[in-house]
Amino acid sequence: MPGKTQPEVLVRTATPEDAPACGQICYDAFSAINAAHGFACDFPGPEVTTGLLATMFSSPDFYCVVAEHSGRIMGSNCLDERSAIRGLGPITIDPGAQNLGVGRKLMQAVIDRADRRGAPGIRLVQAAFHNRSLSLYASLGFDIREPLSCMQGRTRERSIPGCVVRPAKPDDADACNALSRQVHGFDRGVELAQAIEQGTARVVERGARVTGYTTHLALFGHSTAETNLDMQSLIASAESFAGPGILVPSRNHGLLRWCLTNGLRVVQPMTLMSVGLYSDPSGAWLPSVLF
Ligand SMILES: CC(C)(COP(=O)(O)OP(=O)(O)OC[C@H]1O[C@@H](n2cnc3c(N)ncnc32)[C@H](O)[C@@H]1OP(=O)(O)O)[C@@H](O)C(=O)NCCC(=O)NCCS
């Protein structure tokens with residue numbers, strides 16, 4: 001692999017056929033950086049990362065790129081284009097080719113794509129212990145927005161008085177999207193509709209009114225609610241959280257303490273970063289690992 005001054009890295013659109021090589025790199029890259037800091041890998045095995053990337057690489061909702069050197073894949077990156085605000089990741093580079101400028105090229109490729117399409121902003125979630133990714137993203141213009149605590153477990157309280165949680169139906173979409181616009185200033189309607197179809201989405205009602213929703217209580221799901229009580233009822237409705245856990249904004253002191261009092265454990269610290277449009281949310285929210 002050449003040094004970063006040598007420009008032989010080709011960045012091209014990813015195809016489903018790239019998924020096995022990229023999935024292995026993704027697993028190896030996360031395993032290595034997490035192990036170096038004493039954390040478990042975010043994914044159980046390369047078959048999971050390969051499956052995830054195969055889905056993203058073949059979906060029209062994602063713009064995905066790979067970096068190649070002499071015909072060999074060095075890494076990949078994805079941009080979730082399902083909402084006005086884009087979500088970035090996972091970006092991973094072969095551990096043997098890191099710190100050579102490949103990641104910067106793959107970041108720039110998706111930033112350029114978002115600019116070309118007129119996206120008002122891009123967000124991502126970064127492993128807080130990782131100096132290199134923090135430095136790379138910050139130097140590309142991403143600002144730190146929120147410290148997050150990835151949390152796992154099952155709450156002792158199983159419900160919140162006055163709040164009713166039930167599976168979300170297609171009819172709930174308008175209320176959920178309005179809530180998202182109220183809290184964040186934009187909706188994530190495509191993602192929500194997919195989650196309703198997949199059966200992972202839930203809503204909470206108070207006084208027969210939708211006051212919160214989740215696409216999935218999982219690392220790849222997001223949740224939005226009017227108040228912490230609504231969010232707590234969604235969290236309490238889950239037997240466990242898929243993947244490493246849910247992402248709780250650590251500055252939401254009340255929600256974080258409620259999670260701790262209820263027995264949830266902090267798995268790892270993460271950071272929400274953004275470039276472009278960002279307004280502080282006005283409500284309770286859990287980002288997905290994309291944003
Ligand atoms: C994070 C990752 C994608 C970055 O890709 P990469 O090819 O290694 O990174 P690059 O070489 O393009 O850029 C790294 C930049 O950070 C800088 N950097 C690295 N460590 C640094 C430190 N401790 N302090 C300051 N800057 C640092 C480098 O100098 C370089 O900046 P430059 O381009 O201005 O010289 C890659 O290392 C990776 O796959 N890591 C493991 C998986 C992971 O964490 N993915 C990100 C999930 S959020």
Side-chain angles (χ1 to χ4, degrees), residues 1-12 14 18-19 21-46 48-50 52-53 56 62 64-70 72-80 86-112 122-150 219-220 243-245 247 267-275 287-291:
M1 180 65 199
K4 60 191 338 184
T5 50
Q6 297 174 274
E8 285 103 343
V9 172
L10 168 77
V11 175
R12 62 163 174 82
D18 298 320
C22 294
Q24 186 66 52
I25 289 173
C26 184
Y27 178 72
D28 292 345
F30 280 119
S31 295
I33 191 68
N34 283 21
H37 293 83
F39 289 94
C41 186
D42 300 324
F43 300 99
V48 174
T49 44
T50 298
L52 173 71
L53 294 182
M56 292 169 117
F62 292 85
C64 305
V65 284
V66 297
E68 260 182 7
H69 170 66
S70 299
R72 204 179 124 224
I73 291 179
M74 314 309 294
S76 63
N77 194 11
C78 299
L79 189 71
D80 181 350
R86 309 300 205 233
L88 190 155
I91 174 170
T92 49
I93 307 301
D94 188 327
Q98 291 176 4
N99 225 16
L100 297 171
V102 182
R104 182 175 289 277
K105 287 195 169 70
L106 288 180
M107 287 295 293
Q108 198 59 58
V110 301
I111 292 170
D112 290 348
I122 311 175
R123 298 185 192 175
L124 59 80
V125 169
Q126 181 258 347
F129 54 74
H130 194 182
N131 298 343
R132 188 184 306 136
S133 62
L134 171 72
S135 308
L136 175 62
Y137 305 154
S139 69
L140 283 164
F142 284 81
D143 294 335
I144 290 180
R145 292 299 181 182
E146 198 71 39
L148 305 167
S149 295
C150 179
L219 195 68
F220 278 90
L247 298 176
V267 177
Q268 74 173 74
M270 303 188 96
T271 306
L272 176 72
M273 301 182 77
S274 77
V275 68
S288 74
V289 74
L290 291 180
F291 75 98

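All residue numbers refer to positions in the sequence shown, counting from 1. Each ligand, and each atom within it, is numbered from 1 in the order the structure gives.
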If hydrogens are left out, which of [options] has an atom nearest to [atom], that is, the closest non-hydrogen atom?
atom                    : options                        : value
atom 15 (C) of ligand 1 : Leu140, Leu134, Val102, Leu136 : Leu136
atom 45 (N) of ligand 1 : Asn34, Ile91, Thr92            : Ile91
atom 7 (O) of ligand 1  : Ala36, Ala97, Ala127, Gly103   : Gly103
atom 10 (P) of ligand 1 : Gly89, Ser133, Ser139, Gly101  : Gly101

At under 4.0 Å between heavy atoms, which part of [X] makes contact with ligand 1: side chain, backbone, both or neither?
X      : answer
Leu124 : neither
Val125 : backbone
Tyr137 : side chain
Arg104 : both

If you measure every N or O of [X] against every N or O of ligand 1, does any of those distances drop under 3.5 Å?
X      : answer
Ile33  : no
Ile93  : yes
Ser135 : yes

**Q.** For Val275 against Gly141, the heavy-atom pair lying closest together
**A.**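 Smallest interatomic distance, heavy atoms only, reads CG2-O, 3.5 Å.
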
Q | Heavy-atom closest contact (Val110 atom, Leu88 atom, distance) | A |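 Minimum heavy-atom contact is CG2-CD1, 3.5 Å.
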
Q: Using a strict cut-off of 4.0 Å, indicate which atoms of ligand 1 neighbour a heavy atom of Asn131.
A: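 Reading through ligand 1 atom by atom, the close ones are 23 (N).
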
So how far is it from [X] [atom1] to [Y] [atom2], rounded to the nearest 0.5 Å?
X      : Y      : atom1 : atom2 : result
Asp94  : His69  : CG    : NE2   : 11.5 Å
Tyr137 : Asp143 : OH    : CG    : 15.0 Å
Leu219 : Phe43  : CG    : CZ    : 7.0 Å
Thr271 : Leu247 : OG1   : CG    : 10.5 Å

Q | Flag if over 12 foreign heavy atoms under 6.0 Å of CZ, Arg72 | A |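 Not more than 12 within 6.0 Å, no.
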
Q: Can you label the angle between the Phe129 ring and the Phe39 ring as parallel, tilted or perpendicular, going by 30° and 60°?
A: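 Parallel.
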
